[in-house]
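Here is the structure we will look at.
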Amino acid sequence: MNAMQIAVALWTLVGKEVRRFTRIWPQTLLPPSITMTMYFIIFGNLIGSRIGEMDGYNYMDFIVPGLIMMAVITNSYSNVASSFFSNKFQRSIEEMMVSPMPNWVILAGFILGGMARGLGVGIIVTGVSLFFTRIEVAHPVLTVLVVVLTAALFAAGGFINALLGKKFDDISIVPTFILTPLTYLGGVFYSISLLPEFWQGVSMLNPILYMVNVFRYGFLGVSDIPVGWALAAICAFITVLFAIALWMLERGKGIRS
């Protein structure tokens with residue numbers, strides 16, 4: 001395939017993915033906005049008024065970046081996991097595999113589709129947060145960069161989950177028992193400086209901590225960990241997951257569920 005054909009194939013695949021989740025928006029875009037509204041009301045207004053400040057900022061302002069990032073992570077991951085597994089289940093993925101389309105284009109198409117949903121939900125949650133607080137972005141370029149990288153990272157993770165899944169229940173195990181706990185323990189609702197030294201060290205093993213902190217630095221200019229180190233870690237995670245996903249796809253690992 002030449003460059004033009006590859007571009008058309010990629011655009012078609014991404015368009016299909018975007019149409020898939022926008023067509024069922026009451027299931028894909030509406031629930032996250034309702035859930036995050038509850039977080040803003042309960043944690044931000046009710047509990048936050050008792051907590052006061054966190055790292056020198058109003059508690060509502062402190063948790064907004066974390067909640068936006070949580071929505072982006074969850075939706076980027078779940079979109080790719082559910083979409084690719086559905087293609088496996090329906091055997092339509094085999095048509096893509098025998099087509100002239102390179103495997104990296106298939107992978108990139110699903111990842112970009114997952115990123116589109118994750119970033120779309122992130123924009124919706126950001127809009128919802130404006131009803132509760134005033135957002136001032138300290139470092140706009142860094143903020144956009146880290147949210148895009150995070151969406152790509154977890155979209156790739158969702159692709160691997162879909163490849164490994166044997167039945168529909170399998171694609172919910174990782175989000176339920178791994179992704180959700182790591183997100184809640186990733187500094188969304190608190191600063192790890194509040195933790196004992198031992199648990200601060202344990203928290204550093206949580207990859208979501210890096211993303212939440214860099215994103216919060218982009219908004220507020222404060223972070224519990226060095227920003228350069230966190231960005232390097234995110235890029236390393238993306239490289240590893242993309243390489244693993246492409247390797248599995250090229251060898252047909254998990255294609256037959």
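In this chain, numbering begins with 1 at the start of the sequence shown.
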request  = Can you run down the ring-ring contact (aromatic ring centres under 6.0 Å, His included) pairs that involve residues 120-142, sequence neighbours left out, and say none if there aren't any?
outcome  = F40-F132, H139-Y217
inquiry  = Looking at every non-hydrogen atom in both residues, tell me the closest pair between L195 and S203 and how far apart they are.
reply    = CD1-OG, 3.5 Å
key: Evaluation steps, side chain to side chain contact (heavy atoms under 4.5 Å, CB included), between N213 and W229   = CA-CA 11 Å; N213 270 272; W229 182 18; over 6 Å; no
task = Report, as yes or no, whether the 6.0 Å neighbourhood of atom CE on M4 holds more than 12 heavy atoms from other residues, nucleotides or ligands.
result = no
task = Keeping the roles fixed (side chain from Y190, backbone from L185), state whether a donor-acceptor pair exists under 3.5 Å.
result = yes
Shortest non-hydrogen contact between A71 and N75, atoms and distance = O-ND2, 2.8 Å
key: Cluster check V141, V222: I/L/V/M/F/W/Y, side chain < 4.5 angstrom   = no
task = Using atom types as modelled and distance alone, determine if a side-chain donor or acceptor of Y210 lies under 3.5 Å from a backbone N or O of M204.
result = yes
query = When clusters are formed by joining ILVMFWY residues with side-chain heavy atoms under 4.5 Å apart, either directly or through shared neighbours, do W247 and L164 land in the same one?
reply = yes
For Y77 against P175, the heavy-atom pair lying closest together = CE2-CG, 3.7 Å
ask   = Which value, rounded to the nearest 0.5 Å, describes the distance between S76 atom OG and L119 atom CG?
value = 6.0 Å
query = Does S33 reach the main-chain N or O of L30 with its side chain, forming a donor-acceptor pair under 3.5 Å?
reply = yes
message = Going by side-chain contact (heavy atoms from CB on, under 4.5 Å), F110 matches just one of V105, V80, L249. Which one?
response = V80
key: I192 side, atom CD1; D224 side, atom CG - distance, nearest 0.5 Å   = 4.5 Å
Beyond-backbone contact of L142 with L231, side-chain heavy atoms, under 4.5 angstrom = yes
key: Main-chain N/O of S83 paired with N87 side-chain donor or acceptor, under 3.5 Å   = yes
query = Is there a donor-acceptor pair closer than 3.5 Å between any side-chain N or O of R216 and the backbone N or O of F62?
reply = yes
note = In this structure, CD1 of I171 is separated from CG of N161 (nearest 0.5 Å) by 7.0 Å
query = Looking only at heavy atoms, which two atoms of T28 and V121 are closest? And how far apart?
reply = O-CG2, 4.0 Å
ask   = Less than 4.5 Å apart, any side-chain heavy atom of V64 and any of I135?
value = yes
note = Distance col, row F215:CZ vs I68:CD1, nearest 0.5 angstrom, shows 5.0 Å
request  = Would you name the heavy atoms of F21 and A116 that are closest together and state the gap between them?
outcome  = CZ-C, 3.9 Å
inquiry  = Nearest 0.5 Å, please: how far is CG in L107 from CD in E250?
reply    = 9.5 Å
query = Are I178 and M211 co-members of a hydrophobic cluster defined by side-chain heavy atoms under 4.5 Å apart?
reply = yes
inquiry  = For G113, is there any backbone N or O sitting under 3.5 Å from a side-chain donor or acceptor partner on R20?
reply    = no
task = Measure across G165 and K88 and return the closest heavy-atom pair with its distance rounded to 0.1 Å.
result = O-NZ, 2.9 Å
request  = Evaluate the criterion side chain to side chain contact (heavy atoms under 4.5 Å, CB included) for residue pair V128 and Y39; output intermediate values, then yes/no.
outcome  = CA-CA 11 Å; V128 170; Y39 279 122; over 6 Å; no
ask   = V214 and L145: side chain to side chain contact (heavy atoms under 4.5 Å, CB included), yes or no, with the steps?
value = CA-CA 10 Å; V214 177; L145 174 63; over 6 Å; no
task = Please answer: with hydrophobic residues joined when any side-chain heavy atoms are less than 4.5 Å apart, are V144 and L153 in the same cluster?
result = yes
task = Measure the spacing between CG of L67 and CE of M38 and express it to the nearest 0.5 Å.
result = 12.5 Å
ask   = Counting N and O atoms only, with roles assigned by atom type, does the side chain of T176 sit under 3.5 Å from a partner on the main chain of I173, one being a donor and the other an acceptor?
value = no
query = Among the clusters formed by ILVMFWY side chains lying less than 4.5 Å apart, do M36 and L130 turn up in the same one?
reply = yes
Chi angles and distances behind the side chain to side chain contact (heavy atoms under 4.5 Å, CB included) call for I106, M97 = CA-CA 8 Å; I106 298 175; M97 297 296 293; 4.2 Å; yes
query = Is there a donor-acceptor pair closer than 3.5 Å between any side-chain N or O of T150 and the backbone N or O of V147?
reply = no
ask   = Distance-only, no hydrogens or angles: does the E17 side chain make a donor-acceptor pair with backbone N or O of V14 under 3.5 Å?
value = no
